[in-house]
Every structure is written in C-alpha cells, then in structure tokens.
> 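Pasting in a structure now, in structure tokens, and then I'll have a few things to ask.
Nothing fancy with the numbering, it's 1 onward along the sequence. The figures that follow rest on heavy atoms only: side chains count, while hydrogens, waters and symmetry mates do not.
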Amino acid sequence: MSQIYIEYHFTMAPLQPASEILVAQLGALNFESFTETETGIKAYIQKKELDTALIDKVQILNSSEFEISYKLTEIPPVNWNAEWEKNFSPIEVNGECVLRAPFHPPFNVKYEIIIEPKMSFGTGHHETTFMMLQFILENDFKEKSLMDMGCGTAVLAILAEMKGAAKIDAVDIDEWCYENSVENIERNHCKNISVYQGDASFFKEKKYEVIIANINRNILLQDMGIYSKSLEENGTLYLSGFYKEDLELITETCNNLGLTFGENKERNNWIAAKFRK
C-alpha cells in the first residue's frame with residue numbers, strides 16, 4: 001500500500017545558510033526527502049512519522065536571525081516508483097560513467113551504474129553528487145579502504161568499487177537510504193561494500209585511506225575532527241554539500257586539523273573539495 005506523505009513548503013530569508021540548517025534539523029525528525037525552491041525548500045515526511053509538536057520546536061524556526069514561514073499539504077497516495085521513473089533521465093559523467101535506471105537501455109561506457117533511488121539522495125542530478133563522481137573518476141582508488149559517509153543511494157561507493165577500492169563502508173543515518181543502498185549495491189553486483197545505518201559515531205577507532213562525505217556544511221564542520229582522526233596518514237578526504245562562500249571556512253577547519261587543501265570543483269555555486277592528510 002502506498003504511504004501518505006506530508007509536504008512542508010518552507011519560505012525563508014535569507015535563503016542561506018537557513019536552508020542547510022533546516023534540512024539538517026528536519027533530517028533528525030524522520031523527514032525523508034528535500035527539494036530546493038527559489039525561496040526555500042520542500043520537505044517530505046510520512047504522515048505516520050509526523051509529530052507537529054516537534055516541528056514547532058525545531059531550533060531554526062524559532063531563531064530571530066531568519067524569517068521562515070511554512071505551509072503543509074497532505075499528498076494523496078501515489079506510486080513513487082512510477083513518479084520518479086517518469087522524471088528520471090540517465091546522467092553521463094566525464095564521458096566514461098553513466099548512471100541509469102533499470103528501465104533505461106544500456107550505455108556503451110566504461111562504468112555503468114544502475115540505481116533505483118526512490119526517495120534517497122544521490123541520483124547524480126544534484127551538483128554535489130555529480131562533482132564527487134568526477135573526483136572518483138579522476139583519482140586512484142585501487143586496493144584502497146574507503147568510507148562513504150552519508151551514502152544516500154550508495155552511488156559513490158559503487159563507483160569507488162568499480163574503480164578498484166578493496167574495502168568500503170557506506171553509512172547513512174536515514175533508514176530509507178540504508179535500505180536503498182543495500183538494494184543498489186546488490187543491483188550492481190558489488191562485493192566489497194558493507195552498508196550501515198548510523199552517523200559519524202560509527203567511525204570509532206576505524207581507519208580509512210579515503211573518506212567521502214557529501215552531506216551539508218554544518219554536519220561536515222561538526223564531524224570534521226572525526227574524519228581527520230579516522231583518515232590514514234597520506235589519506236584523502238573528499239567533501240561536498242556546501243556553497244562557494246563556505247569553502248574558506250571548510251578549508252580553515254581542515255587546516256587546523258592537519259588536512260591540506262588539494263583542489264576543488266565548482267558547479268552552479270556548489271563546491272566539492274579534496275584534502276590530504
């Protein structure tokens with residue numbers, strides 16, 4: 001049976017960093033999906049998971065720094081798979097990688113990833129995912145251990161295995177993303193990826209030669225110390241999910257933790273950056 005969803009349409013000023021903060025805080029309240037609008041964001045949650053009393057207590061909604069208003073709409077049950085099939089088109093990256101759905105015909109490229117994203121983040125359409133895919137294509141992952149933090153659909157972990165990564169952990173706090181990652185990993189016949197539901201506390205004493213984190217600015221800043229501690233010497237950290245104006249702060253935070261800026265990519269004001277330990 002199709003689930004009933006509630007759509008919250010938030011309008012805010014100034015738009016940034018309010019939208020990033022709000023997404024992070026709503027994500028902790030079982031909201032499953034977010035889309036950007038010109039004036040704010042739309043956020044979606046299953047009706048059975050909604051607690052309006054908790055929404056009213058969301059910190060940023062009571063902040064004097066931002067003007068935020070919202071309206072909510074109940075969305076009639078729909079076939080979500082049919083909806084995204086109708087709108088999802090294949091994505092080509094650097095001429096050698098294609099992300100497509102199971103119903104698309106095959107492509108003659110070096111790396112072909114088949115995903116069924118449903119409501120998980122990571123279709124490749126968003127600038128941050130696209131740039132992280134570019135980084136993976138352009139760098140050496142052969143026999144390396146890797147963490148994909150905030151894995152979404154696990155598309156980055158999947159491409160990393162295709163590029164030769166030997167042992168990969170993929171972690172996301174969202175149950176829907178966890179389940180979808182497992183499905184996509186099986187769909188692409190991956191053998192070296194383990195998926196877990198959780199947050200940065202998963203790292204504990206684990207070490208990786210490569211860490212990928214495509215989340216948002218506030219979570220990145222919050223967890224940067226954990227990433228640095230968990231990165232092997234001479235390891236590489238790839239970060240995305242933030243805007244051009246945030247790169248200086250991200251770089252300063254990394255520098256203070258012994259991480260050296262390597263390079264960055266920019267796409268529609270979004271940034272992906274590479275750091276070395």
> Quick check for you: to the nearest 0.5 Å, what is the distance between Cys97 atom SG and Leu133 atom CG?
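Reported value, rounded in 0.5 Å steps: 6.0 Å.
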> Name all residues meeting the salt bridge (Lys or Arg N to Asp or Glu O under 4.0 Å) criterion together with Arg187; count only those two or more places apart in sequence or in a different chain, and write none if there are none.
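Scan of Arg187 (salt bridge (Lys or Arg N to Asp or Glu O under 4.0 Å), adjacent residues dropped) gives Glu116.
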> Check this for me: Lys206, atom NZ, are more than 12 non-hydrogen atoms of other residues, nucleotides or ligands nearer than 6.0 Å?
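Yes, because the 6.0 Å sphere around NZ of Lys206 holds more than 12 heavy atoms from other groups.
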> Is any side-chain heavy atom of Leu22 closer than 4.5 Å to a side-chain heavy atom of Val58?
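Contact flag for Leu22/Val58 side chains = yes.
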> Taking the side chain from Glu209 and the backbone from Glu232, do they hold a donor-acceptor pair closer than 3.5 Å?
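No, the answer is negative, given that no donor and acceptor are paired below the 3.5 Å cut-off.
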> Using a 3.5 Å distance criterion without hydrogens, assess whether the side chain of Asn180 forms a donor-acceptor pair with backbone atoms of Trp176.
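No; judged by distance alone, with no hydrogens or angles, the pair does not exist.
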> With distance as the sole test, does Asn188 use its side chain to make a donor-acceptor pair with the main-chain N or O of Ile114 at under 3.5 Å?
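Here the side-chain-to-backbone pair exists.
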> Answer yes or no: is there a side-chain heavy-atom contact under 4.5 Å between Lys229 and Lys277?
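Sidechains of Lys277 and Lys229: no contact.
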> Linking I/L/V/M/F/W/Y whenever their side-chain heavy atoms sit closer than 4.5 Å, directly or via other members, would Leu137 and Ile211 fall into one cluster?
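Leu137 and Ile211: separate clusters.
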> Which distance, rounded to the nearest 0.5 Å, do you find between the CG of Leu26 and the CD1 of Ile41?
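Taking CG in Leu26 and CD1 in Ile41, the distance rounds to 5.5 Å.
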> Does some side-chain heavy atom of Phe66 sit less than 4.5 Å from a side-chain heavy atom of Pro14?
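In contact.
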> Would Met147 and Tyr227 show up in the same hydrophobic cluster when neighbours are defined by side-chain heavy atoms closer than 4.5 Å?
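The answer is yes; both residues are in one hydrophobic cluster.
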> Kindly assign one of parallel, tilted or perpendicular to the pair Tyr8 and Phe31, based on the angle between their ring planes and the thresholds 30° and 60°.
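Taking Phe31 first and then Tyr8, their aromatic rings stand perpendicular (interplane angle over 60°).
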> Would you call Thr35 and Tyr44 a side-chain contact if the rule is heavy atoms closer than 4.5 Å?
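In short, these two side chains touch, coming nearer than 4.5 Å.
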> About how many Å separate OG of Ser194 and CG of Asp148, when rounded to the nearest 0.5 Å?
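It is 12.5 Å, given to the nearest 0.5 Å.
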> Can you tell if the side chain of Tyr238 reaches within under 4.5 Å of the side chain of Leu156, non-hydrogen atoms only?
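Tyr238 vs Leu156: side chains apart.
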> Measure from the side-chain N and O atoms of Asn192 to the backbone N and O of Ile168, and report whether any donor-acceptor pair falls under 3.5 Å.
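No, the answer is negative, given that no donor and acceptor are paired below the 3.5 Å cut-off.
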> Any side-chain to backbone donor/acceptor pair from Lys57 onto Thr52? Under 3.5 Å, distance only.
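Checking the backbone N and O of Thr52 against the side chain of Lys57, no donor-acceptor pair under 3.5 Å is found.
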> For Lys265, which residues count as a salt bridge (Lys or Arg N to Asp or Glu O under 4.0 Å) partner, sequence neighbours excluded?
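With sequence neighbours excluded, Lys265 shows a salt bridge (Lys or Arg N to Asp or Glu O under 4.0 Å) to Glu138, given in chain and number order.
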> Give me the other members of the hydrophobic cluster that Tyr243 sits in, counting Ile, Leu, Val, Met, Phe, Trp and Tyr linked by side-chain heavy atoms under 4.5 Å, directly or via other members.
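Besides Tyr243, the cluster holds Met131, Trp270.
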> Is any side-chain heavy atom of Asp172 closer than 4.5 Å to a side-chain heavy atom of Val195?
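Counting from C-beta outward, Asp172 and Val195 never come under 4.5 Å.
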> Taking the side chain as everything from C-beta on, heavy atoms only, tell me whether Ile158 gets closer than 4.5 Å to Ile185.
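Contact flag for Ile158/Ile185 side chains = yes.
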> For the CG atom of Asn184 and the OG1 atom of Thr153, what is their distance to the nearest 0.5 Å?
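It is 5.5 Å, given to the nearest 0.5 Å.
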> What residues, two or more places apart in sequence or in another chain, satisfy side-chain contact (heavy atoms from CB on, under 4.5 Å) together with Lys244?
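Lys244 satisfies side-chain contact (heavy atoms from CB on, under 4.5 Å) with Glu266, Asn269, Ile271 only.
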> Atom CG of Asp169 and atom SG of Cys151: how far apart are they, to the nearest 0.5 Å?
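These two atoms lie 10.5 Å from each other.
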> Roughly how far, to the nearest 0.5 Å, is CE of Met132 from CG of Leu239?
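Between Leu239 CG and Met132 CE, I get 6.5 Å after rounding to 0.5 Å.
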> For Glu263, what residues pass the salt bridge (Lys or Arg N to Asp or Glu O under 4.0 Å) criterion, not counting sequence neighbours?
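So Glu263 forms no salt bridge (Lys or Arg N to Asp or Glu O under 4.0 Å) with any residue.
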> With sequence neighbours left out, which residue pairs that include part of residues 93-104 fulfil the salt bridge (charged side-chain N to carboxylate O under 4.0 Å, His left out) condition?
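Of all non-adjacent pairs touching residues 93-104, those that pass salt bridge (charged side-chain N to carboxylate O under 4.0 Å, His left out) are Arg100-Glu112.
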> Would you say Gln59 has more than 12 foreign heavy atoms packed within less than 6.0 Å of its CD?
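It does not: Gln59 CD has 12 such atoms or fewer within range.
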> Can you find a heavy atom in the side chain of Leu221 that is under 4.5 Å from one in the side chain of Ile250?
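Yes, side chains in contact.
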> Between Ser228 and Met224, is there a donor-acceptor pair closer than 3.5 Å when you use the side chain of the first and the backbone of the second?
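Judged by distance alone, no pair lies under 3.5 Å.
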> Donor-acceptor pair, Asn216 side chain versus Leu220 backbone, under 3.5 Å?
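It does not hold such a pair.
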> Are more than 12 heavy atoms from other residues, nucleotides or ligands located less than 6.0 Å from atom CD of Glu67?
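Counting other residues, nucleotides and ligands, CD of Glu67 stays at 12 neighbours or fewer.
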> Hey, are Asn214 and Thr128 close enough side-chain-wise for a donor-acceptor pair under 3.5 Å?
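Side-chain D/A pair, Thr128 to Asn214: present.
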> Do Lys163 side-chain atoms and Phe141 backbone N/O form a donor-acceptor pair below 3.5 Å?
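No; zero donor-acceptor contacts below 3.5 Å.
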> Is it true that a side-chain atom of Thr11 and a backbone atom of Tyr70 form a donor plus acceptor pair closer than 3.5 Å?
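Not confirmed, Thr11 side chain does not pair with Tyr70 backbone.
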> Parallel, tilted or perpendicular for Phe202 and Tyr196, by the 30°/60° rule?
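If you compare the ring of Phe202 with that of Tyr196, the planes turn out tilted.
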